[in-house]
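Accompanying notes for the structure given below.
For the single chain, residues carry numbers from 1 onward in sequence order.
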Amino acid sequence: MGRAKEVEVKVIPSKVANPFIRTHHYSGKVVSNSCLHFGAFLDGGLHGVMSYGPSMDKSKTIRLVAGTNWYEFMELNRMAFDDYLPRNSESRCISQSIRLIKRNAPQIKWILSFADGCSCGDGTIYRASNFVLTGIKKNYNLAELPTGEIVHKLTLESNPTSPRKELAGAAYSDITGGKYNFRKYVEAAHGKVLVGFQMRYIYFIDKSCRSKLTVPEIPFSRIDEIGAGMYKGERISIERRHVDEYCLQSESAKQGR
């Protein structure tokens, strides 16, 4: 692991975490309901942030593991690193953050996270961190605006009445007539839908919860079988993914989740 063992992970306030996320995450945005932030420190500087919080659609995701109470799971919903940390640091930082959650918040039984090939990658760093793959689906929920900004459908639907600059101050609900019509928004914003695959991963802090999973576990090989291997929205061949996987793990983490 080399110097990766020297990286220190500790809880940091949102006023420290959010500026780092805005600077280093591909979206330039934070998740509004993130409530637990971990910083990765090396040589006296902050070089990575992992933000956790409740899922955006918690009423659905809670059903992934039978018998889960409302407060017993979290989502790793933002992750970004700069280029300073040594190789292997990213997966180690995730493991350290989960270890701290286990120690200080024992009510948390499992962690959910998503990898989106349209913007980042197919989840190499999660596989390296012992997450279980539980979902692969075609994703039509991201749009690229003429400015290059990436907007997620859930962001719009969680704040449907907020003015949007790409809509000249109109709100999502204004454009769609109060309905959730993502394609109508994309047309009005002169954007384009980014088509790719989204992977859903779960880490079981409480190992007994794995047997309560209500959806099938998916072997990682399935990603290659259906051609879902992606990096920054581009298909990646099986050969290239296997040769480059070690490098992509680090680069994906630097681009953020």
Could you verify whether a donor N or O on one side chain and an acceptor N or O on the other, from [X] and [Y], lie under 3.5 Å apart?
X: N141; Y: H152; value: no
X: R92; Y: S95; value: no
X: S14; Y: H37; value: no
X: S55; Y: D57; value: no
X: Y185; Y: E166; value: yes
X: R78; Y: Y52; value: no

field: Residue pair V49 / A17: nearest heavy atoms and the distance that separates them
entry: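 Between these two residues, the closest heavy atoms are CG1-CB, 3.8 Å.
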- request: Please report the closest heavy-atom contact between V186 and A143, naming both atoms and the distance.
  value: CG2-CB, 3.7 Å
May I ask you to say whether [X] pairs ionically with [Y], meaning some side-chain N is under 4.0 Å from a carboxylate O?
X: D43; Y: R3; answer: yes
X: K179; Y: E157; answer: no
X: K58; Y: E75; answer: no
X: K184; Y: E187; answer: no

- request: Anything under 30° is parallel, anything over 60° is perpendicular, the rest tilted; go ahead and classify H24 against F20.
  value: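 H24 and F20: tilted rings.
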Ring center gap for W110 and F73 short of 6.0 angstrom: yes
message: Between Y126 and Y203 (judged by ring centroids, cut-off 6.0 Å), do the two rings come close enough to count as a pair?
response: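 No, they do not, as the ring centres are separated by 6.0 Å or more.
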- request: Decide if atom NZ of K207 counts as having more than 12 heavy atoms of other residues, nucleotides or ligands within a radius under 6.0 Å.
  value: yes
In terms of hydrophobic clusters joined by side-chain contacts under 4.5 Å, are [X] and [Y] together?
X: M50; Y: I12; value: no
X: I21; Y: I150; value: no
X: L156; Y: Y180; value: yes

Side-chain heavy atoms of E217 within contact of L213, under 4.5 Å: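 Yes. Closest side-chain heavy atoms under 4.5 Å.
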message: Using side-chain heavy atoms (C-beta onward) and a distance below 4.5 Å, is L36 in contact with M74?
response: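 Heavy-atom side-chain distance check passes, below 4.5 Å.
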- request: Assess K10 against F41: is NZ or CZ under 6.0 Å from the centre of the six-membered ring, and within 45 degrees of the ring's axis?
  value: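 Satisfied, under 6.0 Å and within 45°.
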